[in-house]
Amino acid sequence: MSSIQQAAVALKSGQLVAFPTETVYGLGADAENPDAVAKIYSVKQRPTDHPLIVHIADKDAAKKWAIEIPQYALQLADAFWPGPMTLILKRSSLAKDFITGGQDTVGLRVPDHPVALELLRSFSELGGNGVAAPSANLFGRVSPTSAEAVQSEISSRLSDADLILEGGDSVVGIESTIIDCTQSRPRILRPGAISAEQIMTKTNLSMLDSGERIRVSGAMESHYSPRARVVLNDEAKPGDGLIASAQIATPPQVIRLAAPTTDEEYAQQLYAALRKADQLGIQRVVAITPAGDGIALAIRDRLRKASS
Ligand code: TXA
Ligand code: MG
């Protein structure tokens with residue numbers, strides 16, 4: 001048996017498995033097993049009214065977890081799954097209150113990572129229907145984008161039978177775009193790598209307006225926070241950490257944490273840079289936010305929350 005098949009068996013028998021996805025690493029449990037899901041909340045120290053995303057192997061599995069799926073949601077699934085997009089749909093009876101936080105909707109995603117997809121397929125061969133997985137960080141902290149980050153974040157809180165799968169650095173680096181599909185038109189609840197413009201180009205679907213001040217998912221404003229204080233668009237002083245595009249020079253005695261050349265690289269490097277700040281014991285991190293739409297909007301959303 002491969003390590004991924006062993007992990008599928010562990011999930012089926014009620015253990016936790018942290019696994020890589022293209023966005024961030026998730027902390028997975030069988031989405032039909034209330035005791036296993038309860039362990040996620042206890043490891044993360046997460047309030048139990050926060051719903052979890054159910055990860056599935058393909059679009060067909062969505063029909064088990066959701067009912068009355070609108071045509072536009074199927075279009076989105078065809079265009080962007082597997083990929084960094086979560087659809088919020090009306091739940092079926094499979095999606096119990098312990099997954100949805102008591103809401104009548106369920107979040108579904110097919111992740112685009114070979115290890116995650118093999119895990120989900122092996123899990124379904126064992127009769128599983130979906131893997132509930134929040135980001136594998138403690139509640140309110142920075143999401144992990146590597147197996148080492150998962151280790152240092154939560155391994156001391158896992159049991160011996162729980163597993164962490166290795167899958168390299170997450171290529172997207174920030175959490176999926178969450179799209180509410182319960183209205184007449186789709187609406188972005190959490191911005192991510194898949195933007196409204198991209199959706200328009202690929203599917204001709206226009207979003208209900210949500211603007212930049214999205215509050216829904218994660219509900220709390222303070223999120224994605226390192227121990228260091230994060231300050232946006234300020235002057236970096238000696239001893240500060242700096243996250244900014246490569247075009248911006250590093251002032252003397254400032255510790256450069258990331259120097260991305262594109263917005264995609266910025267997203268990819270952001271959480272590792274915030275973790276590095278904490279490892280180095282840096283007190284204050286200055287981030288110069290990228291301008292514009294697309295993934296830049298999602299980066300500003302995360303940085304705003306990290307700074308509040
Ligand atoms: O990229 C991602 O989405 C990662 C990877 C592991 O897939 N997962 C992730 O999960 O970011 P988490 O739990 O850290 O964030 C999921 C967010 C939460 O803020 C939750 O409130 C929201 O999705 N959510 C889940 N189900 C929902 C629902 N039915 N309605 C509204 N929001 C929901
Ligand atoms: Mg999270």
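Positions are given from 1, in the same order as the sequence printed here. Both counts, for ligands and for their atoms, begin at 1 and track the order of listing.
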Review point. Which bit of Thr105 gets closer than 4.0 Å to ligand 1, counting heavy atoms only: side chain, backbone, both or neither?
Key: both
Check your understanding: Between Thr105 and Arg91, is any side-chain donor less than 3.5 angstrom from a side-chain acceptor?
Key -> no
Review point. Taking the six-membered ring of Phe139, is the NZ or CZ of Arg46 close enough (under 6.0 Å from the centre) and on axis enough (within 45°)?
Key: no
Review point. Should one rank Ser176, Gly26, Ala193, Ala133 by closest heavy-atom distance to atom 8 (N) of ligand 1, which comes out on top?
Key: Ala133
Check your understanding: Looking at His55, which atoms of ligand 1 are within less than 4.0 Å of one of its heavy atoms?
Key -> 5 (C), 6 (C), 7 (O)
Revision key, fill the gap. Restricting to heavy atoms, the pick from Asn137, Val24, Thr21 nearest atom 4 (C) of ligand 1 would be Val24
Point to revise | Option nearest atom 10 (O) of ligand 1 (shortest heavy-atom distance, choices Pro134, Ser143, Ala116) | key: Pro134
Check your understanding: Are there more than 12 heavy atoms of other residues, nucleotides or ligands under 6.0 Å from atom CZ of Arg185?
Key -> yes
Practice item. Going by heavy-atom distance to atom 13 (O) of ligand 1, choose the closest among Arg46, Glu175, His50, Arg190. Key: Arg46
**Study point:** Polar atom proximity, Lys44 to ligand 1 (N or O, under 3.5 Å)
**Key:** no
Review point. Taking both backbone and side chain into account, is any N, O or S atom of Ser135 nearer than 2.8 Å to the Mg ion (ligand 2)?
Key: yes
Review point. Do Arg304 and His223 touch side chain to side chain, with heavy atoms closer than 4.5 Å?
Key: no
Point to revise | Ile194-Leu87 co-clustered via ILVMFWY side chain contacts under 4.5 Å | key: yes
Practice item. Identify the two heavy atoms, one from Gly28 and one from Ile40, that lie closest to each other, and give their separation to 0.1 Å. Key: C-CD1, 4.2 Å
Study note, to complete from the structure: The reported gap from NZ in Lys44 to CG in Leu138 (rounded to nearest 0.5 angstrom) is 7.5 Å
Check your understanding: Thr23 heavy atoms, cut-off 4.0 Å: which ligand 1 atoms fall inside?
Key -> 1 (O), 2 (C), 4 (C), 5 (C)
Practice item. Please confirm whether His55 and Phe19 have ring centers closer than 6.0 angstrom. Key: yes
Study note, to complete from the structure: Checking heavy atoms under 4.0 Å, the part of Ile178 that sits near ligand 1 is side chain
Review point. With respect to atom 16 (C) of ligand 1, which of Ile53, Ile40, Thr86 exhibits the smallest heavy-atom separation?
Key: Ile53
